[in-house]
Amino acid sequence: MADDISKSSNQRSPLTTNYLRSEKINVNDNNEEPFYNASNRFTNQSYFNKNLDIVYENPNLNIQNGTEKKDYSSRRTYFEDKAAKQALSDSVRREAYGKDKPQIFNNLIIYVNGYTNPDRSTLHDMVVLHGGHFSHYLTAKSKVTHIVAENLSLKKRIEFASYKVVLPKWLVSSVQAGKLLPWQEFSLLRTNTIGQTTLDINRLKKQPQITNCNDPDFIQNFFANSRLHHLSTWKMELRQQFLDSFNPVMIPKTGEQLTIFHVDFDCFFATVAALSSTTIKCDLNKEPIVVCHGSKSSDIASCNYIARQYGIKNGMWVSQAQKLCPKGVKLVCLPYEFDKIKEKSSIFYKTLQNLNMFNMILPISIDEAVCILIRTSLNNHNDELICERIREAVFRDTEGCTVSVGCADTLILARLSLKLAKPNGYFTCMKYMKDSPLFWENFKNDDLPGIGRQLVSKLNTYYPRCNNLWQLRNDASIESLKALLGNKLGSKVYNQLRGKDDDEAAKLIHDPISTFERKSLSIDINWGIRFSKIEQVDTYLERCVEYLIAKLKEMKKNTSQVTLKVMKRAKDAPIEPAKYLGMGQCDSFSRTNRLGIPSSLQGLITTELRNMFRSLSCPPAEVRGIAVHFTKLVDVAKYRQKRLPFQKNIILNINETNKINSPVTPFKDVVPDINVTTPNRDNGGNLQTGIPKRPVKRVLFREEHNNISHKSSPDEYHSDLESPRKKMQKMLDRTESSVSKRPSIVNSPLREIDTRYSPSKEESSFLSDFPTRTAKEDIAYDTTQNSGEEYGNGGSFNNNVANVNIEKNIYEHNNKRLLGLSNGDSIRDKIESDELSSQDTGGLTENDPKIFTYGGLVNHDDESNFKIMFQGISGTEEIMDSYENWIYSTLHDIPPSDRDLIILEDFIWSLLRTGSIHTVIRMTQRLSSILRNFSLINKKNYNGNQKWEVVLIRKLIHILNMHSNWDDEKLPTDFPIKY
DNA sequence: TACGTGTGGTAG
DNA sequence: ATCGCTACCACACGTA
């Protein structure tokens, strides 16, 4: 498999690789990078290391994970380290709180799987305080003795077959009894006899999915199968992992030159599903493959690129996708492989880490990372080489998952480049593209990050003439964008269109700590929610709170503000929507309440939420979704410190069920009056008594406020209380277009319509006009071959003698030339007069800057320290810039003039003669990269790029090969040049 | 002006 | 059957 891909990637390989390989630069053919080999074979090894190879070996980059230079190159180190930290804090806690407790769990290592009752953190405490170890990870090395679980999926049952799997009750009862009870009595698998176990598994084979939201296990079961839940939690886990392990020293400072590699798996879910599918045989490259749960209204989580050719997109329903397939083509539906995905992803991140190339690796999601390299004068690396390194390494380590890489010096350009790179490729956004239609014309309005479905349609309405980002860039003024999209987003888009990251995006790079710090916590379920009685809602709310509080405790935080959001069936929506157990068209209503004190008390928060639900007055039968948000999280430790000065002023008088163990801070700066209860305004509904509440004044205000702003209330019978303004607004909402006014996913009727993802006219034509990557690159490859034959002087590339002879001639020729050129002024005069005297200056026009009109070698008086000048510049970077600009300006209809090319050749030779072969290699590589890129975004061949291809093969590579052949002939690699 | 609440929108 | 999550930003509008 690996061979297959590398072969195919060779075939559609960039000009760089092909030209060089075909030209035998990479003689050793031992899978090392061609330029690396070249460096070894040429002079100036040490200098070369400084310039090119440093990327891979830079010792400064090895300290990514800690100032103490931890070596994280080993795969397991990260987890071992984290486990060590965990163990330490556990033992500290045991020391502090567990001294008087019987150490009944000595020598046990407990792992808790899934949601349990009591919850995970309670069990954690129980285990730790009674002498046991709590393992957060189930790895081969963690030597877990027991797994605690409430119930297990069949898959897990098989996976855990060799472990002792027990119910949480084992721990609880053991603690109660004060001694370790035999685990067998609490075994989940009930493996008293082999027969029973088998029976159990068989029975569970058709383990029915829990679709009733009133089932105690509904939430767990739903989450276990929800892709979106997984995406969200994985993302937060990765962020936390980043915060736990990164080295702040490596954060780029503003103003530093960066190179950004945006790395992303190609159709990750589908690839993983196909690779790990044992039951269904399928070929990722031949059949349309999708990942989904069901058959009709099931969402497609991911589809491979064959499926995408038919117009299938992620998020589409299976029924619709099937229709898009040509006759006779069967859509292959594969199940989710969440465990495998997680596994591949952590390999992915470790691989990136182990490459030791980047200053910082920012997790974007389970399958996507942004790798950042700080450019310094020392690491003069090759971006394309790095892209390929990443791709090869990930492909190898994940055993068959391909990533694409977009590379640029801003986030936005890297992201757009990634789009061009997909699938299974890379794209580097070069300087000349940043402001060129060549680049921007490849993108549609919806390619801009931050512009989703709603805003794209806004853009399309306001700028109907703009079919691509280049047109949008030219048509959309910053004022109009701001007016259309709002101040922030408007200027963001304006900047993005110019390849610049706005402050918000840059914050990710320059302040990842605060970007990744969690500020809120929530649970949000809008599938399978069906109630008939208010008690069911109450119970459900309690389970939500239970779930959230478990997490809250893990984070050692309290919440001081709670939001409840309810999805209510829209008025004219059918009771049961098209999607099985879906939410259908809904209106959303929310209510936020501040808790008197930051808290993680289940009773208190649940009660609060129940009140809030009542205040929304939504009939339970109409509820289609419920979300609970904890906002304004407060660090438990900090909170304890903070409240100390207030302590003496607090009067505690709280009823039994909501006993608060820690002292209370007053609500804001108002005098606390904890005995006052909230008068409930839910139409005479039951008042909750005894709950500490906010001060009277505030409550009254809120009552009033709630009545006035009850636009957000699902009920209609308070209409007469509305302010005229609200009424007007409401009327506008109704009459104008409720869809565009409230176009959220939730409210949008599109949610229910099967055609919501059918490509628009523009989209389909765009897709069909745009050749696939493979096709395009095959063309590039062919061109290479053809030009090679056409211009290749037959077998002369392989003919050492011929080459040496030619080289010698050229060498002498150039020596003469160089001698002639040592008089810089005369040459300049000559060239300039040539340009003037001839109307045909190789096609140069006014618009085409005469970038390369003179050049040459300046021989300083000091023989040991002369400088090579190009364009009158001597710094390598500046020379490269000027060289690049020249290429960019002559890539199209107007090719570089022959005269200029001769001067280039002179320049190359003088570089070689002075041992600056690394610069020649860079120049060769640069040209090759530019041509590759050009061919990726241009279908057409221009005079300019064709000519440059000839230059690349006939001049640059040819010259390098001659050096290579010298080496073969055991000629000296140092040329003592006498001036 | 500064802040609070409710809502819309987006990304993976 | 089917698993339509969730963190976070920005804005409009209201209040102190």
Side-chain angles (χ1 to χ4, degrees), chain A residues 208-211 213 218-236 238-239 264-265 268-269 292-299 301-302 314-315 317-318 336 363-368 446 448-456 458 485-490 492 504 507 515-529 561 563 565 567 577 579-584 586-594 624-625 627-632 668 701-702 704-706 708-713 723 725-726 729 741-748 751-752:
Chain A
Q209 295 292 326
I210 299 164
T211 52
C213 65
F218 170 78
I219 294 178
Q220 180 199 343
N221 188 271
F222 174 76
F223 281 168
N225 294 294
S226 160
R227 73 182 195 282
L228 292 173
H229 168 79
H230 277 104
L231 284 178
S232 276
T233 47
W234 281 334
K235 182 172 179 163
M236 293 318 279
L238 287 166
R239 288 179 165 203
D264 186 314
F265 279 99
F268 191 37
F269 279 42
C292 55
H293 280 299
S295 58
K296 208 180 113 214
S297 65
S298 177
D299 276 18
S302 172
N314 293 349
W317 287 4
V318 173
Y336 290 82
I364 302 298
S365 77
I366 188 77
D367 70 335
E368 196 178 337
D446 60 356
L448 282 172
I451 302 294
R453 160 169 290 273
Q454 306 300 326
L455 296 177
V456 165
K458 261 191 182 178
L485 306 172
N487 225 334
K488 273 281 168 66
L489 195 57
K492 178 182 169 170
E504 190 49 46
K507 194 179 161 228
T515 309
F516 284 162
E517 220 169 31
R518 184 194 271 273
K519 287 128 205 145
S520 74
L521 175 66
S522 65
I523 178 173
D524 199 329
I525 298 183
N526 301 295
W527 185 87
I529 301 294
Q561 186 170 280
T563 300
K565 191 176 81 174
M567 291 299 177
K579 189 179 188 74
Y580 175 62
L581 287 179
M583 69 200 289
C586 285
D587 294 321
S588 88
F589 304 93
S590 78
R591 187 122 299 164
T592 305
N593 263 7
R594 271 168 184 260
R624 291 290 177 272
V628 175
H629 298 250
F630 288 178
T631 44
K632 300 211 190 308
K668 284 210 120 185
F701 154 64
R702 285 187 56 79
E704 191 188 4
H705 175 77
N706 284 340
I708 290 173
S709 68
H710 104 309
K711 178 199 171 195
S712 64
S713 161
S723 66
R725 191 193 178 94
K726 291 275 171 194
Q729 185 61 49
K741 268 283 172 187
R742 299 186 303 177
S744 75
I745 311 168
V746 175
N747 291 329
S748 167
R751 257 217 168 277
E752 280 304 301

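It should be emphasised that the depicted structure is a prediction, and the values quoted were computed from it without experimental measurement. Chain naming here is simple, since letters A, B, ... match the order of the sequence lines and numbering starts at 1 in each.
- Between the CD atom of Gln454(A) and the C1' atom of dC11(C) there is a distance of 15 Å, rounded to whole Å.
- One finds no side-chain N or O of Thr563(A) lying less than 4.0 angstrom from the OP1 or OP2 phosphate oxygen of dG6(B).
- Gly582(A) comes within 4.0 angstrom of a nucleotide base, judged by non-hydrogen atoms across all strands.
- Using a 4.0 Å heavy-atom criterion, one finds that Lys296(A) contacts the sugar-phosphate atoms exclusively.
- Two residues, Leu228(A) and Trp527(A), neighbour DNA chain C, and the one matched to the more 5' nucleotide by heavy-atom proximity is Trp527(A).
- Across all strands, Ser232(A) comes closer than 4.0 Å to base atoms (heavy-atom distances).
- Between Ser226(A) and dC5(C) there is no side-chain N or O to OP1 or OP2 distance below 4.0 Å.
- Of the side-chain N and O atoms in Lys488(A), one or more sit less than 4.0 angstrom from OP1 or OP2 of dA10(C).
- Put simply, Arg591(A) has a side-chain N or O that comes within less than 4.0 Å of OP1 or OP2 on dG6(B).
- If you measure from atom CD1 of Ile451(A) to atom C1' of dG9(B), you get 10 Å, rounded to the nearest angstrom.
- Side chain of Pro577(A), nearest nucleotide from dG12(B), dA7(C), dG4(C): dG4(C).
- His629(A) has its NE2 atom 14 Å from the C1' atom of dC9(C), to the nearest Å.
- Residue Gly452(A) is in sugar-phosphate contact alone, with no base atom involved, counting any heavy-atom pair closer than 4.0 Å across all strands shown.
- Between dC3(C) and Ser298(A), a contact under 4.0 Å exists linking OP1 or OP2 to a side-chain N or O.
- Residues meeting the side chain to side chain donor-acceptor pair (under 3.5 Å) test with Ser297(A), sequence neighbours left out: none.
- Ile366(A) comes within contact range of no nucleotide atom at all, as no heavy-atom separation falls under 4.0 Å.
- Nearest nucleotide to the Lys519(A) side chain, out of dG9(B), dC8(C), dC3(C): dC8(C).
- Residue Arg227(A) is the one, among Arg227(A) and Lys507(A), whose nearest nucleotide of DNA chain C lies closer to the 5' end (criterion: closest heavy atom).
- Atom CD of Gln561(A) is separated from atom P of dC8(C) by 14 Å (rounded to the nearest Å).
- Going from atom CD of Gln209(A) over to atom CG of Leu581(A) covers 12.0 Å, rounded to the nearest 0.5 Å.
- Between the Ser298(A) side chain and the Val318(A) main chain, no donor and acceptor come within less than 3.5 Å of each other.
- Among the protein residues, Gln220(A) comes within range of no part of the nucleic acid, since none of its heavy atoms lies under 4.0 Å from any strand.
- With rounding to the nearest 0.5 angstrom, the CZ atom of Phe269(A) is 4.5 Å from the CG atom of Leu231(A).
- Qualifying side chain to side chain donor-acceptor pair (under 3.5 Å) partners for Thr631(A), counting only residues two or more places apart in sequence or in other chains: Gln561(A).
- Within 4.0 Å of His229(A), counting heavy atoms only, lie sugar-phosphate atoms of the nucleic acid but no base atom.
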